Amino acid sequence: MRLIMLAVALLVFAAHAQEAKQPCKKGDMACAREVLKHHPAKKADFWKAALAKPVEQRMGAAPGELIEILALDNVVHGYPNKPRAPRLTAEFMADVRKAFAGIPEPVKRRLTPKLAGIYFVDDIGGTGFTDEIEAASGEPTLGFIILDPSVLTRKANEWASWKDNTPFKPDPRWKLTARIEEESGNSRANAIQYILLHEIGHVLSIGENIHPSWTLSPREVMPKREYPYFQQSWRVSGDTYESAFDAEFPQRRKVVFYFGAKLEAGAMLATYTALERTSFPTLYAATHPGDDFAEAFANYVHVVLMKRPFEISLEHDGKVVKTYAACWSEARCRRKKAFLERYLAN
C-alpha cells in the first residue's frame with residue numbers, strides 16, 4: 001500500500017516537477033525524497049498569493065499539492081497514514097482563529113514574513129507538520145504549517161496528557177497527567193494554540209542558524225557551521241544526533257511520541273527524574289534538535305510570555321510520586337531562556 005501511494009503521488013504531480021523525469025523504483029526512498037525536494041509547493045512562487053494576505057488570513061483547507069507532499073513524506077518515513085482533504089466546520093475554524101489571535105505580538109511580528117499559511121489535512125500521521133519553502137536562490141526562507149483536524153478534538157489538558165503518555169506503554173498502575181491550562185482555559189482552542197506555538201517554532205527556525213535543517217541527515221551537517229542553540233545540547237555522531245546528556249539520560253533514545261511506545265510505564269519516574277538533569281524543557285524536546293527548539297519556544301512563550309501553567313504529574317497506584325514543572329526559573333534552562341529572550345526581542 002505504501003508503494004502504491006508513492007506511485008500515485010508521483011504520477012499526480014510529475015507534470016509539475018520537471019526534475020522528477022524518471023519514476024522511482026519500488027522502495028527507492030532516496031528517489032522519493034528527491035521528488036519531494038522539487039515539489040512545486042516547496043517553492044516560494046507557489047505561495048505568492050498567500051503571502052500577499054494578512055498573516056491571520058493565511059489559513060484553510062490544504063490545496064491538493066500539500067496533500068501530495070504529505071503522502072510522499074509518510075511513505076518515505078514508513079508511516080501508514082493516508083492524508084486526505086478535511087471537512088472543516090465553522091466551530092473548528094472559530095477555535096483556530098481564536099487560538100491564533102491570542103498568540104503574543106512579538107511572535108506574530110517574527111512570523112509574518114516567514115509563514116505561507118496554516119492548512120488542514122486529515123490523517124497526516126501526527127498532530128502537526130511543518131515544512132520548508134525555498135526562495136528563488138534555493139535557500140529555505142519560508143514555511144507552511146499543516147494541522148490534522150481529525151485529531152484536534154481534545155481540550156488543552158486532555159490533549160497534553162494524551163500526547164505525553166504516548167512514549168509509554170499502557171499500565172493501569174501508572175498514570176501521567178499533564179496540565180497546560182487552568183480549568184477556566186481548558187478548551188480546544190487553547191490546545192490548538194499550544195500546538196501552533198510548537199509548529200511556529202519550526203517555521204521560525206527555517207533558514208536561521210538555530211539548529212541544522214531537519215531536511216538534512218546528521219552526516220550532511222557541515223561540521224564547522226555554528227548553531228548556537230543546537231550546540232547547547234547536541235552533537236553529531238556519525239549519522240545520528242546525540243545529546244550532551246545521554247550518559248545520565250539513557251531513556252532518551254527510547255523516547256518516541258505517537259508511533260509506538262518503547263518505554264514501559266514503569267520507566268516514567270526514572271525518565272522524568274533524568275529529564276530534570278538536562279536542559280530540555282519537555283520530554284518531546286529531547287527527541288530531536290528541531291523539536292528541542294520548537295518545544296522550548298512553545299513552552300517559553302506559553303509559560304513566560306503568556307503566564308500559563310505547565311505541569312506533569314506522575315501517579316503510581318493512585319499516589320503522586322513526582323511533579324515535573326516548567327524549567328524557566330531553573331539553572332538548567334538558563335542559557336536557553338536567554339537565547340529565547342534575545343531572539344524575541346530583536
Side-chain angles (χ1 to χ4, degrees), residues 53-62 86 88-112 114-122 124 126-130 143-164 166 177-205 257-258 281-285 290-312 325-328 340 343-344:
K53 298 178 182 178
V55 68
E56 65 273 8
Q57 294 180 19
R58 303 173 199 169
M59 61 176 65
L88 302 175
T89 67
E91 292 80 6
F92 175 79
M93 290 306 299
D95 278 350
V96 174
R97 293 188 182 96
K98 182 179 180 181
F100 191 81
I103 291 172
E105 287 305 316
V107 176
K108 290 181 182 176
R109 184 172 62 249
R110 274 274 188 177
L111 182 66
T112 296
K114 300 194 74 163
L115 179 67
I118 301 165
Y119 301 97
F120 304 99
V121 179
D122 282 347
I124 69 175
T127 305
F129 176 93
T130 295
F144 58 81
I145 294 170
I146 296 175
L147 299 182
D148 186 341
S150 69
V151 301
L152 295 176
T153 58
R154 297 175 174 89
K155 295 180 180 179
N157 293 335
E158 287 71 22
W159 167 78
S161 297
W162 164 76
K163 183 195 79 169
D164 286 324
T166 60
T177 305
R179 186 172 68 93
I180 61 172
E181 291 290 345
E182 304 293 353
E183 191 54 39
S184 59
N186 187 27
S187 64
R188 179 175 67 172
N190 283 340
I192 293 170
Q193 184 179 79
Y194 196 96
I195 295 162
L196 274 176
L197 286 173
H198 176 98
E199 300 303 329
I200 287 169
H202 283 312
V203 171
L204 292 177
S205 73
F257 281 76
Y258 304 121
T282 71
L283 189 58
Y284 197 9
D291 285 313
D292 180 8
F293 178 74
E295 276 289 283
F297 177 86
N299 198 264
Y300 173 83
V301 172
H302 178 81
V303 173
V304 179
L305 298 190
M306 302 178 72
K307 303 189 185 308
R308 304 279 183 80
F310 178 81
E311 183 180 273
I312 305 290
C327 67
W328 302 111
L340 290 164
Y343 181 77
L344 287 170

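We number each residue from 1, following the sequence as shown. Values in this document were obtained by computation on a predicted structure and should not be read as measured data.
Side chain of T166 to main chain of K163: a donor-acceptor pair is present (N/O by atom type, distance under 3.5 Å, no hydrogens or angles). A side-chain donor-acceptor contact under 3.5 Å links D148 to the backbone of I124. Judged by distance alone, with hydrogens and angles left aside, the side-chain atoms of Q193 form a donor-acceptor pair with the main-chain N or O of A99 at under 3.5 Å. When atom types are taken as modelled, the side chain of N157 and the backbone of E181 share a donor-acceptor pair closer than 3.5 angstrom.
A salt bridge links R179 with E182: the closest approach of a Lys/Arg side-chain nitrogen to an acidic carboxylate oxygen falls below 4.0 angstrom.
Shown here for K155 and N186, the closest heavy-atom pair between the two residues is CD-O, 3.3 Å. Here the closest heavy-atom approach between residue R308 and residue I180 is recorded as CB-O, 4.1 Å. For the pair G185 and N190, the tightest heavy-atom approach, listed with the atom from each and the gap, is O-ND2, 2.7 Å. In this structure, D292 and P281 approach most closely via the heavy-atom pair OD1-CD, 4.2 Å. Summarising the geometry of A116 relative to F144, their closest heavy-atom pair is CB-CB, 4.3 Å, with the distance given to 0.1 Å. Between R58 and L115, the closest heavy-atom pair is NH1-O, 2.6 Å.
Remark: F297 engages no residue in a ring pair (Phe, Tyr, Trp, His ring centres under 6.0 Å) (not counting sequence neighbours). Taking the ring pair (Phe, Tyr, Trp, His ring centres under 6.0 Å) definition, one finds that F310 meets it with nothing, sequence neighbours left out. Not counting sequence neighbours, the partners of F257 by the ring pair (Phe, Tyr, Trp, His ring centres under 6.0 Å) test are Y284. A search for side chain to side chain contact (heavy atoms under 4.5 Å, CB included) contacts involving T89 returns E91, F92, not counting sequence neighbours. Applying the ring pair (Phe, Tyr, Trp, His ring centres under 6.0 Å) criterion to H202, with sequence neighbours excluded, gives H198, W214.
With values rounded to the nearest 0.5 angstrom, R154 atom CZ is found 15.0 Å from S187 atom OG. Rounding to the nearest 0.5 Å gives a distance of 9.5 Å between CG of L111 and CG of L196. From W162, atom CH2 reaches atom OG1 of T153 across 9.0 Å, with rounding to the nearest 0.5 Å. Note that CD1 of I103 and NE2 of H302 are 12.0 Å apart. Values are rounded to the nearest 0.5 Å. Rounded to the nearest 0.5 angstrom, F100 CZ and I118 CD1 are separated by 5.0 Å. With values rounded to the nearest 0.5 angstrom, D122 atom CG is found 8.0 Å from L88 atom CG.
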Set out, in order, the CA-CA distance, both residues' side-chain angles and the distance that settles side-chain contact (heavy atoms from CB on, under 4.5 Å) for L283 and E295, then state yes or no. CA-CA 9 Å; L283 189 58; E295 276 289 283; over 6 Å; no
Item to complete: Could you walk me through whether I146 and T130 pass the side-chain contact (heavy atoms from CB on, under 4.5 Å) test, one step at a time?
Response: CA-CA 6 Å; I146 296 175; T130 295; over 6 Å; no
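Contact check for L204 versus Y343: side-chain heavy atoms found under the 4.5 Å cut-off. Using a 4.5 Å cut-off on side-chain heavy atoms (C-beta onward), I312 and D164 make contact. Side-chain contact between L344 and Y300 is present, with heavy atoms from C-beta onward closer than 4.5 Å. Side chains of Y194 and N299 form a contact here, defined as non-hydrogen atoms less than 4.5 Å apart. At least one side-chain heavy atom of Q57 sits under 4.5 Å from a side-chain heavy atom of P54.
Note on residues 93-112: pairs passing side-chain hydrogen bond (donor to acceptor under 3.5 Å, both in side chains), not counting sequence neighbours, are D95-R188.
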